[in-house]
Structures are given as structure tokens and as C-alpha cells.
Protein chains: 2
Amino acid sequence: MKVITSQQQRVLDCIQIYINKTGFPPTRANICKELGFKSPNSAETHLRALEKKGFIAIESGASRGISIINDENSYGSKDNYPVIGLVAAGSPTLAEENIERTINCPKSFFESKFDYFLKVKGLSMKDAGIMEDDLIAVKKTTDVRNGDIVIARIDDEVTVKFFNKKSAKLVELEPANEDFETIKVNLERDELSIEGKSIGLLRRN
Amino acid sequence: MKVITSQQQRVLDCIQIYINKTGFPPTRANICKELGFKSPNSAETHLRALEKKGFIAIESGASRGISIINDENSYGSKDNYPVIGLVAAGSPTLAEENIERTINCPKSFFESKFDYFLKVKGLSMKDAGIMEDDLIAVKKTTDVRNGDIVIARIDDEVTVKFFNKKSAKLVELEPANEDFETIKVNLERDELSIEGKSIGLLRRN
DNA sequence: CATTATACTGTATATATATTCAGTAAAATT
DNA sequence: AATTTTACTGAATATATATACAGTATAATG
């Protein structure tokens, strides 16, 4: 359903920025001028695609009748997210004893939904801009791709690394710090469980 | 602010309710239907009165070009924080044209209050875990100490660096990347204005 | 007391705007 | 290989919309 293309994202951003700036939505012509299109139909088709995919609603016949649809974000809907610190060996990540505290934050704060914040230990991902005590917004999923920053569990130890599947039986978990070594996981012999992936980061100095 | 009449208040309320309901402002005809007027000029004259008194702004020629002017809604007092992208030379950081969009976030999200998010360009602070396109939560202040990550303005260029006051007349702005050089500012000769300091960071992958 | 602001109806119109139709072309999907 | 989706240009048009103009009437203001 929700696969937005990069151009459609540009149009969606353009609408949001226009509303923030002026207080009302743009016309087709406004979007064209903003994004460099030469035909109003360019904007029109993108708008219809965004409407079809459920990102916006268009009031038929009305001028500037565009409204952005915010999923559960019925404006200002917030939620409490747990902050996970040191995860005890063997225990489920979200077990109560692992929750340090909670952070109140809007549901639509990051691009996609997430489930908890993980407090980072060590500097194995420092070249990716992830420092000690940073809070990684973790989305629980096993659908990860090469290059994703994943939260993985090997032998009851939780680690944050770049995911890189080399073959059907070999996954490499790569650090972003030359002082650390790549973890090679033989899927036939070792057990690898993907807890989720990073979709954002929060740092409080 | 001048005195608003009861009818003008009705029109103003009508506009706000319409925006809340549809996401965009009403036309003259919409207002007439809503409030029972029989001529579009009824709405028109009320709108012009509201404009003259400073309650709304009307974009000339634009359809639905009404925006409600709300002093309480000016950035900082609520939970909407502006995201500042490329700052044009010479213009104030929070000038409207520099605001890319806004982010809704709790006031107490970071340890101390802050004023806006600055979108980072370049990698001069990468060893401090600040990467391109990261959003730095900036607190507007000139009260900075050595070691703080400051947002400074030198010759109309905005830069993010570690602050280090060496003496009464020498301030060094240190990058966190060996490929960049420390900026030495002679306070007697050069002008240095401290916009504020970083009190947190937000990254959205 | 003249003037201005408020509060309307009613008509008219230039133009702002959505929207359709006719094409082209590349990429993705089936 | 055929079809759909994406991504555009360019022109045409019905209509949605702002806005001016012509009135009427009451209340406030200087």
C-alpha cells in the first residue's frame, strides 16, 4: 500500500512546507513552480497518486482542497516509549526489568513507526554517528536489508551493527569503527535473531 | 490589537473551525453558507475588517488565501518547533524563508528548553556523532562554555563547532573531524556572534 | 452634523484553479 | 512480451473564487 516514490515524497513535503509557510495548501500551479514542473498536470498526477496511496485527501472541485492525512497522528497524539538499557542475558528485550524509563514523544516522530528506544553502549558504531548513551529508535521487524542498522541478538547478547547478508548461510554484522571487528554469523551453525532495525536516533547532551 | 465585534468574532471562529475540519481555509461563499449570509460581499467586508484589525492575513488574488494570525502560535510557545535548513546570508536564522517545516515535539523533550532544529550540512562534526542532515536541537543563548557545541555566525555564515575560549580576545571553534581546521577568531578584529548551543540531536533514517 | 464603521443584499466579472484530454517516454510489474 | 505505473509537456475549458460596484440601513465617532 504505502510505497511512496521519491518524487511523490517531494510533492508531499512541498505541500506540508507550503501549508506551514502560508497557512493554506498550494494549487497545482504552486507545486509546479516550487518543484520546477512545467505542466499543472504533473502536479495533478502526483496528487492523484498520493491520494490513491492514502497520504492526502483531495476535496473535489475545491480550490486548494488538499489535506494531509496523518495516520494515527490525529494531531498531537503522543505515546510513551520505553527506553531499554542493558538487556539481561536471556530475557526478552522489552521485559519490565530492562526498561529504564519512558519517553513521551509523538507517534509520527520518525518516518515510520517504532517500538522502543535502545540506549547504546560502546562506540562500535561511532563512524555512523552513533555514540555512547545515544538512544536508537528501534522498529521491531525481521525485514531488514543490507546496509540497515540492525539490533541483533547472538548468544543472548544484544548488539547494534550494519546488516550485510553475504550468502544464504552467511551474515556479516559490520561495525562502523575500525577498532572493532566484523562479526561473521554462520547461519547453519550459529543462531542469529534480528530484533529490529534503527529508524532514527535521539541524543540528549 | 483593536476591538473585535461579535459578528467579526463569529466569522473568525468560523474560519478556524473550517480549517480544523477540512485542513484549508473557507471561501467567501463557504463563510456565507456557514453563517447564513446571502451575499459573498458580507463575508468579504468582514474579512477586510478582520484584516485591518490584524486578526487575519489575506493573500491577494489567491483562493482561500486566509491565514489566522495568532501571537500565541509564534514559534517556541507551543510544541511546534521550526526546522531551519540553509540559512541565507544576512538573514535572521528564524526568518520565515529559512523554515523548511516544523516538528511537533514535547517541550520537555530535551534536558533544557530549546528554540529550533538546525539541519546539519557537511561532516565537520562527524567525530562528535553529528552527521549530514541530522537535526540539532538549538537553544538560543550566548551563555556558552568551553566544550559546548555552539552554533556560531562568522561573516554571515552559520557553522556548528566546539566552543573554546582561549583568552579574552581569542576564541577557537574546533571541528570534530581531522579533515577540517580549527577556526581562530580574533575578537578584536573579527566579528563572532553566538546563535546558541546544541542541547540535543535528532536523526531520522 | 458630517463622517466613518458596521452589517447587510444583489449583481457582475476577470481570473484563479481544478480537471480533462492528447501525447511522449522510461521503469516497474505481471 | 504486454500491461501498468511513474513522470512528465502542453493545451483547453468549465467553474470556483476573489473582488469590484451599486445600493440600504443603523450605530458609533469626531
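Convention: sequence-line order gives letters A, B, ...; per-chain numbering from 1.
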**Prompt:** To the nearest Å, how far apart are A/Leu47 CG and D/dT6 P?
**Reply:** 14 Å

**Item:** side-chain N/O A/His46 vs D/dT6 OP1/OP2, d < 4.0 Å
**Value:** no

**Prompt:** Counting only side-chain N and O atoms of A/Ser42, is one of them less than 4.0 Å from OP1 or OP2 of D/dT9?
**Reply:** yes

**Message:** Measuring centre to centre across the rings, with the benzene-like ring taken for any Trp, is A/Phe110 within less than 6.0 Å of A/Tyr81?
**Reply:** no

**Request:** Indicate whether OP1 or OP2 belonging to C/dA5 is found under 4.0 Å from a side-chain N or O atom of B/Lys53.
**Result:** no

**Item:** Under-4.0 Å salt bridge between B/Asp133 and B/Lys121
**Value:** yes

**Message:** If the cut-off is 4.0 Å, is B/Gln8 near the phosphate of C/dA5, judged by side-chain N/O to OP1 or OP2?
**Reply:** no

**Message:** Using modelled atom types and a 3.5 Å cut-off, is there a donor and acceptor pairing between side-chain atoms of A/Asp190 and backbone atoms of A/Leu187?
**Reply:** no

**Partner residues of B/Thr45 under the side-chain contact (heavy atoms from CB on, under 4.5 Å) criterion, sequence neighbours left out** = B/Asn41

**Prompt:** Looking only at side-chain N and O atoms, does A/Thr5 come under 4.0 Å of OP1 or OP2 in D/dA7?
**Reply:** yes

**Message:** OP1 or OP2 of D/dT6 versus the side-chain N and O atoms of A/Thr45: is any pair under 4.0 Å?
**Reply:** no

**Asked** So which nucleotide from D/dG10, D/dC8, C/dC8 ends up closest to the side chain of A/Ser39?
**Response** D/dG10

**Request:** Using the salt bridge (charged side-chain N to carboxylate O under 4.0 Å, His left out) rule, take A/Glu174 and A/Lys161 through it: C-alpha gap first, then chi angles, then the decisive distance, then the call.
**Result:** CA-CA 5 Å; A/Glu174 299 169 351; A/Lys161 295 286 181 296; over 6 Å; no

**Asked** What residue pairs, at least two apart or across chains, pass ring pair (Phe, Tyr, Trp, His ring centres under 6.0 Å) with a residue in residues 32-51 of chain B?
**Response** B/Phe37-B/His46

Between the protein and nucleotides 17-19 of chain C, list every N/O to N/O distance that falls short of 3.5 Å.
from, atom 1, to, atom 2, distance (Å)
C/dT17, OP1, A/Arg64, NE, 3.3
C/dT17, OP1, A/Arg64, NH2, 2.7
C/dT17, OP1, B/Ser63, N, 2.8
C/dT17, OP1, B/Ser63, OG, 3.0
C/dA18, OP1, A/Arg28, NH1, 3.3
C/dA18, OP1, A/Arg64, N, 2.9
C/dA18, OP2, A/Arg28, N, 3.0
C/dT19, OP1, A/Ser60, OG, 3.3
C/dT19, OP1, A/Gly61, N, 2.5
C/dT19, OP2, A/Arg28, NH2, 2.9
C/dT19, OP2, A/Arg48, NH2, 2.6

**Prompt:** Do we get B/Arg64 above B/Tyr18's six-membered ring, with its NZ or CZ under 6.0 Å from the centre and within 45° of the axis?
**Reply:** no

**Complete:** Out of C/dA7, D/dT5, C/dT6, minimum distance to the side chain of B/Gln7 belongs to C/dA7

Show the distances under 3.5 angstrom between N or O atoms of the protein and N or O atoms of nucleotides 28-30 of chain C.
none

**A/Asp13 side chain vs A/Arg10 backbone, donor-acceptor pair below 3.5 Å** = no

**Prompt:** For B/Thr141 and B/Lys197, does a side-chain donor sit closer than 3.5 Å to a side-chain acceptor?
**Reply:** no

**Request:** Enumerate the residue pairs fulfilling ring pair (Phe, Tyr, Trp, His ring centres under 6.0 Å) with a member in residues 157-205 of chain A, sequence neighbours excluded, ordered by first and then second residue.
**Result:** none

**Fill in**
In this structure, CG of A/Asn205 is separated from CD of B/Glu111 (nearest 0.5 Å) by 8.5 Å

**Message:** Angle between the end axes of the helix from C/dC1-D/dG30 to C/dT30-D/dA1, five pairs per end, to the nearest 10 degrees?
**Reply:** 40°

